Chemist: 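Here you go, one structure.
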Amino acid sequence: MTVETLTTFFGWMTVLNFGFLALAGGMLLVTRDWATNLHANLFDMEQADVKRAYFNWLATYKVLALVFAFVPWLALTLMG
């Protein structure tokens, strides 16, 4: 595999991951009350706990996308 291929791969992986992150965050903003009520009832949780779980999930996904997609793309771009 060439450096150009890896750079392209990590670049598209970054775009897709952050696109999904934006879509998930946007959907949670648009359907906040409905989704919170649904998941609170499904998992027998308080609504505040569900909102905290949403925030933790989005934050964890963002950090993982940065570490495993963006940083390798940036390193390969700076290297090449």
Side-chain angles (χ1 to χ4, degrees):
M1 221 179 251
T2 65
V3 173
E4 292 82 22
T5 304
L6 282 173
T7 304
T8 303
F9 172 76
F10 282 112
W12 279 110
M13 191 166 80
T14 300
V15 168
L16 291 173
N17 275 301
F18 281 100
F20 176 73
L21 183 64
L23 178 67
M27 290 301 293
L28 282 175
L29 283 175
V30 171
T31 65
R32 180 184 333 203
D33 294 331
W34 178 79
T36 302
N37 286 334
L38 174 71
H39 291 122
N41 289 333
L42 274 175
F43 299 112
D44 195 29
M45 296 172 65
E46 295 294 322
Q47 288 188 2
D49 293 335
V50 173
K51 289 179 182 180
R52 196 171 304 112
Y54 288 160
F55 180 80
N56 286 336
W57 180 80
L58 288 172
T60 302
Y61 192 89
K62 179 177 58 176
V63 169
L64 290 173
L66 280 169
V67 169
F68 291 110
F70 179 72
V71 171
W73 173 81
L74 183 63
L76 288 168
T77 301
L78 293 175
M79 195 174 83

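In this chain, residues are counted from 1 in sequence order. Since the model is a prediction, treat every value here as computed from it, not as a measurement.
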Chemist: Which distance, rounded to the nearest 0.5 Å, do you find between the CD of Glu46 and the CZ of Arg52?
Modeler: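 Here the interatomic distance stands at 10.0 Å.
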Chemist: Under the criterion side-chain contact (heavy atoms from CB on, under 4.5 Å), which of Leu76, Val15, Thr77 is the partner of Phe10?
Modeler: Leu76
Chemist: Answer yes or no: is there a side-chain heavy-atom contact under 4.5 Å between Leu74 and Leu78?
Modeler: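 Of all side-chain heavy-atom pairs linking Leu78 with Leu74, at least one is under 4.5 Å.
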Chemist: Should Asn17 and Phe68 be marked as a side-chain contact (heavy atoms from CB on, under 4.5 Å) after you check the CA-CA gap, both sets of side-chain angles, and the distance that decides it?
Modeler: CA-CA 10 Å; Asn17 275 301; Phe68 291 110; over 6 Å; no
Chemist: Is there a donor-acceptor pair closer than 3.5 Å between any side-chain N or O of Thr14 and the backbone N or O of Ala69?
Modeler: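 Yes: the side chain of Thr14 pairs with the backbone of Ala69.
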Chemist: So does Ala35 get a backbone contact from the side chain of Tyr54, meaning a donor-acceptor N/O pair under 3.5 Å?
Modeler: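 Here the side-chain-to-backbone pair exists.
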Chemist: Side-chain heavy atoms under 4.5 angstrom apart, residues restricted to Ile, Leu, Val, Met, Phe, Trp, Tyr: same cluster for Leu21 and Leu66?
Modeler: yes
Chemist: Measuring only between side-chain heavy atoms, which start at C-beta, is Val50 closer than 4.5 Å to Phe43?
Modeler: no
Chemist: Take Trp73 and Phe70 through the test ring-ring contact (aromatic ring centres under 6.0 Å, His included) and record every step on the way to the result.
Modeler: CA-CA 5 Å; Trp73 173 81; Phe70 179 72; 5.7 Å; yes
Chemist: When rounded to the nearest 0.5 angstrom, what is the spacing between CE in Met27 and CG in Leu23?
Modeler: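 These two atoms lie 6.5 Å from each other.
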Chemist: When you measure from the side chain of Asp49 to the backbone of Met45, do you find a donor-acceptor pair of N or O atoms at a distance under 3.5 Å?
Modeler: no
Chemist: When hydrophobic residues are tied together by side-chain contacts of less than 4.5 Å, even through go-betweens, does Val67 share a cluster with Val71?
Modeler: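 Shared cluster, no.
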Chemist: Are Thr31 and Leu38 close enough that some pair of their side-chain heavy atoms sits under 4.5 Å apart?
Modeler: no
Chemist: Would Phe20 and Phe18 show up in the same hydrophobic cluster when neighbours are defined by side-chain heavy atoms closer than 4.5 Å?
Modeler: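 Hydrophobic grouping puts Phe20 with Phe18.
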Chemist: Check for me, please, whether Leu58 and Leu64 land in the same ILVMFWY cluster - side-chain distances under 4.5 Å, paths through other members count.
Modeler: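 Different hydrophobic clusters.
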Chemist: Is there a donor-acceptor contact under 3.5 Å linking the side chains of Thr5 and Thr2?
Modeler: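 Note: Thr5 and Thr2 side chains meet the donor-acceptor criterion.
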Chemist: To the nearest 0.5 Å, what is the distance between CG on Asn37 and CD on Gln47?
Modeler: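 The distance works out to 4.5 Å.
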Chemist: According to a 4.5 Å side-chain heavy-atom criterion applied to Ile, Leu, Val, Met, Phe, Trp and Tyr, with indirect links allowed, do Met1 and Trp12 form part of one hydrophobic cluster?
Modeler: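 The answer is no; the residues belong to distinct hydrophobic clusters.
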Chemist: Around Trp57, counting heavy atoms of other residues, nucleotides and ligands shown, do more than 12 lie under 6.0 Å from its CH2?
Modeler: yes
